[in-house]
Amino acid sequence: MTKTEQVTPEGSESEHAIASRPDRAEKARDDMTPYEAATYFFHKSADRLELRDEMREVLGSTYRELAVQIPVRMDDGNIAVFRGYRIQHNGARGPYKGGIRYHESADLDEVRALAALMTWKNALIDVPFGGAKGGVQCDPRALSSAELERLTRRFTSMISYIIGVHRDIPAPDMGTNAQTMAWMIDAFGQKNGYTPGIVTGKPVELGGSQGREEATGRGVVMCTLEAAKRKDLQFEGARIAVQGFGNVGYWTAALASEQGASIVAVSDVGGGTYNRNGLDISKVFASLEDAESVTEFGDGDSVSNEELLELECDILIPAAIQGVIDGDNADEIKAPMVVEAANGPITPIADELLLERGLTIVPDILANTGGVTVSYFEWVQNIQEFRWEQKDVNAELQKRMSKATAEVFARSDKDTTSLREAAFDIAVSRVARADELRGYV
Ligand code: GLU
């Protein structure tokens with residue numbers, strides 16, 4: 001159904017809400033940039049917390065932005081020039097921390113937005129880090145492994161002036177992985193000596209942590225279990241649709257199904273696969289050995305990424321990119337609970353529309369903090385030169401996810417705010433307090 005068809009008969013109960021939607025949809029079509037969307041939630045929180053103007057100015061902008069030119073010799077002998085960024089948003093609570101994204105959309109605005117989200121995420125899960133993010137605007141799938149290695153090494157040496165074990169610690173994000181971190185360690189180490197704590201999300205053989213690879217997905221599942229319990233939603237047997245089958249989407253689907261949920265759909269950039277009786281996630285994963293996309297999976301019907309979001313299910317988990325639920329499709333979302341495994345998958349307009357309809361939204365800055373939390377454990381292990389066992393990593397992660405989830409639900413009950421508002425209010429006040437104690441603002 002298109003927006004213009006959604007006209008309610010005059011005098012109906014929801015006349016006001018529905019009648020106002022085309023306007024809002026218009027605004028959504030105007031498209032806030034990722035940074036505008038991230039700052040929108042911050043400013044709303046600053047209003048509720050009555051932050052002073054100076055504090056609002058400090059927390060509403062970034063501390064340092066480095067943009068670099070990355071010339072890379074391609075396999076064909078030509079040189080291609082890429083653009084890279086490392087942006088530090090706020091460092092009041094500790095060294096800057098956040099991933100490096102390789103994606104075509106990773107421009108200054110997007111990386112800024114993601115850096116700010118890292119500040120709030122790290123404060124909410126209470127790891128002693130500030131927020132940062134990096135990005136290289138490229139399509140990593142179009143580059144060979146040797147090209148990716150040259151790009152990573154060059155980028156690392158260009159940002160080496162502002163990163164450091166106690167200054168700023170990168171990690172993987174979309175389009176990067178443990179191998180990327182291995183190249184970063186090596187490039188950084190050539191100049192600075194053995195420095196495993198310079199990045200997290202490394203291969204275990206190079207000082208990475210047990211459990212880091214699946215940590216974001218594991219955290220998403222821990223948080224979803226806790227949220228479901230509080231909303232009287234039976235997790236065992238719950239039908240879950242996961243958009244995305246990268247590191248976060250795959251592990252979320254695999255671990256949720258291990259916990260008894262029924263994963264009815266997963267997707268990748270090519271589209272999705274749907275089976276109302278539940279997919280065998282290990283089989284979907286194995287099918288990718290000979291297939292380009294999960295859409296080719298034999299035991300499911302193919303669906304588009306847009307259709308996946310609108311499926312009948314109990315829990316929807318967007319685990320791919322930002323802005324996939326917007327003013328145009330918010331009214332079509334059927335799951336009563338949406339868990340943001342991706343960063344910023346719901347636009348501010350869609351957030352309002354979903355809340356108006358009574359959906360529960362578990363926000364990104366809570367739901368996807370498992371990755372950075374285990375990054376913290378990895379960093380601690382590197383500094384102490386002491387390795388943890390996987391069971392210790394999982395137990396510590398569980399402790400922190402449960403605590404943060406309980407705090408967000410409690411704050412939301414106390415202040416009658418949404419979970420996102422509660423999460424922002426907790427995070428923003430922690431960062432503001434740290435800046436205040438430092439005498440920075
Ligand atoms: N890129 C991940 C995130 O967005 C992890 C960041 C980290 O481990 O530093 O949370």
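Counting begins at 1 with the first residue of the sequence. Predicted model, so just to flag it, every value in this text is computed and none were measured. First listed ligand is number 1; within each ligand, the first listed atom is number 1.
Among all protein heavy atoms, the one lying closest to atom 8 (O) of ligand 1 is Ser375 OG, 2.5 Å. Taking atom 7 (C) of ligand 1 as the reference point, the nearest protein heavy-atom neighbour is Ala171 CB, 3.3 Å. If you check which protein heavy atom lies closest to atom 3 (C) of ligand 1, you get Lys121 NZ, 3.3 Å. Of the protein's heavy atoms, Gly99 N, 3.7 Å lies nearest to atom 6 (C) of ligand 1.
Remark: ligand 1 atoms within the under-4.0 Å shell around heavy atoms of Met118 are 3 (C), 4 (O), 6 (C), 10 (O). Distances below 4.0 Å separate heavy atoms of Gly98 from the following atoms of ligand 1: 9 (O). Close approach to Asp173 involves these atoms of ligand 1, each under 4.0 Å from a residue heavy atom: 1 (N), 2 (C), 3 (C), 4 (O). Set against the non-hydrogen atoms of Lys133, the atoms of ligand 1 under 4.0 Å away are 1 (N), 3 (C), 4 (O).
Contact annotation: for Asn343 versus ligand 1, heavy atoms closer than 4.0 Å belong to the side chain alone.
Distances from atom 5 (C) of ligand 1 to the heavy atoms of Met174, Arg101, Arg212 show the closest one on Arg212.
Using a 4.0 Å cut-off between a side-chain N of Lys or Arg and a carboxylate O of Asp or Glu, Arg52 and Glu436 qualify as a salt bridge.
Geometric assessment of Arg420 against the ring of Phe41 yields a positive cation-pi assignment under the 6.0 Å and 45° thresholds.
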Report task. Apply side chain to side chain donor-acceptor pair (under 3.5 Å) to Lys202 and Ser209, showing your working. Result -> CA-CA 8 Å; Lys202 307 176 278 290; Ser209 178; over 6 Å; no

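Close N/O approach between Pro172 and ligand 1 is found [any backbone or side-chain N/O within under 3.5 Å]. In terms of N/O distances under 3.5 Å, ligand 1 is approached by Lys97.
Under 3.5 Å, the side chains of Asp168 and Gln88 contain a donor-acceptor pair of N or O atoms. Using a 3.5 Å distance cut-off with no hydrogens or angles, the side chains of Glu396 and Trp388 do not pair a donor with an acceptor.
Residues satisfying the side chain to side chain contact (heavy atoms under 4.5 Å, CB included) criterion with Leu49, sequence neighbours excluded, are Ser45, Leu51, Arg411, Asp425, Val428, Ser429.
With Glu110 as the fixed residue, the salt bridge (charged side-chain N to carboxylate O under 4.0 Å, His left out) test singles out one of Arg101, Arg83, Lys133: Arg101.
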Distance-only check: which donor-acceptor pairs under 3.5 Å involve side-chain atoms of residues 114-128, not counting sequence neighbours?
from, atom 1, to, atom 2, distance (Å)
Thr119, OG1, His89, ND1, 2.7
Thr119, OG1, Gly131, N, 3.4
Trp120, NE1, Ala116, O, 3.4
Lys121, NZ, Asn343, OD1, 3.1
Lys121, NZ, Asn368, OD1, 3.0
Asn122, ND2, Met118, O, 3.2
Asn122, ND2, Gly130, O, 2.8
Asp126, OD1, Arg93, NH2, 2.6

